[in-house]
Amino acid sequence: MQTNIYGNYQLIMKNVFTILVISLLVSCSIPSNRLKNGMYRGTFIASGQEIPFLFEVTGADQESPVVTLINGEERVVLQEITYSGDSVFIPVKAYDAVMKAKISDGNLTGNLIKLYSNRPDGRVPFSAQEGTFPRFADNGEKPTVLLDGRWEITVPERDSAKQVGVFQQKSNGYLTGSILTPTGDYRYLEGTVQGNRFYLSAFGGMTPYLIQGQFTDDDHFSAQFVTPGGISKFEGKRNPEASLPDAYSMTSLKEGYSSLGFRLPDLNGRQVSLSDPKFKDKVVIVSLLGSWCPNCLDETAFLAPWYKANRQRGVEIVGLAFERKDDFEYAKKQLSQLIERYGIEYDILFAGKVGDETTSRVLPELSKVASYPTTIFIDKSWVVRKIHTGFNGPATGKFYEDFKAEFNRTVDELIAGK
């Protein structure tokens, strides 16, 4: 009898011990002050408005998880995430920023901090909730309007600011698209149509955007564009032929100039100019860029693989980087990350701090630099043949495909000596 009691006691204690160990392992695998695997919905507070964004966490049980920002088809992967106490630090290395937040039961409260900036909008508050939620709450209204297609967009505050909207709307109201400007596009936007209203937002790591609008009739709408920097109004008119001004007309050579005379350091400090032997008898594409510029990153994502596939044809690319600080070591850090991220094999040179004064000094031959990126096509005799302002990337669909086709035609003609 005593033996049975003792045996039962041992069995009970063994089971209790097993349950405790399992509970301990489960509770220790992902503590409540750590990110959890799965989807999150966040909101930034900017200009008195909520700007929603979505992201996914994977590898939460690893030392450093991965956060992936989601905007329509776009996926922006953020790595090297660290913890300190009950806080998480999510670096946005491409834009020299960090998302710092306190975690409680998987939910976040914190700020997007732009490390390079002392401006008031250099710190944007946000919160995020664990779970699969829609980007915009469903109010139960079925779409009564159609945003699908191409739109002519005007900004009343700036009469000359003609833009083009390109949108794709599904029957359930799910909405994606982008807005093109003469200097670049708003990249991937995602949202919904509810009743006669529409909502779009995006966050790719730099600045959160919100667009909210209302149809005034079937072919016109009025809307707001909200960022941490403020709110602007714009209007849309349905126009299948809507287009932008000629991107080759915005920047030109000054009278008396035919080429560029820059001489700038690469990231090893070596001075580079177009008179170097590597550029002799080559077609040269000069890209004016900044590591901080989303449209420049889109152009780089196109140019880097294009160069690998075409360099043997007698063409070179050189990037002139205008950065946020006139600091070589700071620029080297940011540009080295850019080179690694996109596998760049052409020269990237540091041109100084972004601004009109710097571009006028480095490129006195140009009438102006209206946008980043600006792309300059130079023939085998070092004569500038074309200057393209801005870049409308993959989020713009046909516009992007048309640009790539024209880019290749231009290079083909220059290689052929036309």
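Positions are given from 1, in the same order as the sequence printed here. Atom set for the values below is all heavy atoms of this structure, side chains included, hydrogens, waters and symmetry mates excluded.
Atom NZ of Lys233 is surrounded by 12 or fewer heavy atoms from other residues, nucleotides or ligands within 6.0 Å. Residue Gln312 qualifies as enclosed at atom CD: its count of foreign heavy atoms under 6.0 Å is above 12. Crowding of Asp356 atom CG: a count of heavy atoms from other residues, nucleotides or ligands under 6.0 Å not exceeding 12.
Cation-pi geometry between Lys386 and Phe377 is not satisfied (NZ or CZ under 6.0 Å from the ring centre, within 45° of the ring normal).
Two residues are said to be in side-chain contact when any heavy atoms from C-beta on lie closer than 4.5 Å; Phe279 and Val272 meet this criterion. Using a 4.5 Å cut-off on side-chain heavy atoms (C-beta onward), Arg75 and Ile70 make contact. Between Leu200 and Phe167, some side-chain heavy-atom pair lies under the 4.5 Å cut-off. Contact check for Ile285 versus Trp306: side-chain heavy atoms found under the 4.5 Å cut-off. Taking 4.5 Å as the limit, some side-chain heavy atom of Ile376 sits within range of a side-chain heavy atom of Leu366. Considering only heavy atoms from C-beta on, Leu180 comes within 4.5 Å of Val166 through its side chain. Within the 4.5 Å cutoff, no side-chain heavy atoms of Val384 are placed close to those of Glu365. When side chains are defined from C-beta on, Ile344 does not count as touching Leu303, because their heavy atoms never get closer than 4.5 Å.
Qualifying side-chain hydrogen bond (donor to acceptor under 3.5 Å, both in side chains) partners for Asp86, counting only residues two or more places apart in sequence or in other chains: Lys102. Here Lys404 pairs with Glu401 under the salt bridge (Lys or Arg N to Asp or Glu O under 4.0 Å) rule; sequence neighbours left out.
Between Ile90 atom CD1 and Lys100 atom NZ the span is 13.0 Å, to the nearest 0.5 Å. Between atom CG of residue Leu289 and atom OG1 of residue Thr374 there is a gap of 10.0 Å, rounded to the nearest 0.5 Å.
Ring pair Tyr116/Tyr330: centre-to-centre distance not below 6.0 Å. Taking the ring centroids of Phe234 and Phe225, they lie at or beyond the 6.0 Å cut-off. Checked against the 6.0 Å centroid criterion, the rings of Phe215 and Trp151 qualify as a close aromatic pair. Aromatic pair His388/Phe407: ring centres not closer than 6.0 Å. Two rings, from Phe203 and Phe55, have their centers 6.0 Å or more apart.
Below 30°, between 30° and 60°, or above 60°: for Phe403 and Phe302 the angle between ring planes is above 60°, a perpendicular geometry.
Glu141 and Gln194 form no side-chain donor-acceptor contact under 3.5 Å, judged by distance and modelled atom types alone. Donor-acceptor pairing under 3.5 Å is lacking for the side chains of Gln129 and Arg41. Under the 3.5 Å distance criterion, with hydrogens and angles disregarded, no donor-acceptor pair is assigned to the side chains of Gln337 and Ser291. Looking at Tyr174 and Gln168, their side chains never bring a donor and an acceptor atom within 3.5 Å of each other.
In this structure, Asp412 pairs ionically with Arg313, as a charged nitrogen and a carboxylate oxygen lie closer than 4.0 Å. One finds no salt bridge joining Asp326 and Lys353 here, because no Lys/Arg side-chain nitrogen approaches an Asp/Glu carboxylate oxygen to under 4.0 Å.
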Could you tabulate the donor-acceptor pairs under 3.5 Å formed by side-chain atoms of residues 62-69, not counting sequence neighbours?
from, atom 1, to, atom 2, distance (Å)
Ser64, OG, Ile81, N, 3.0
Ser64, OG, Ile81, O, 2.9

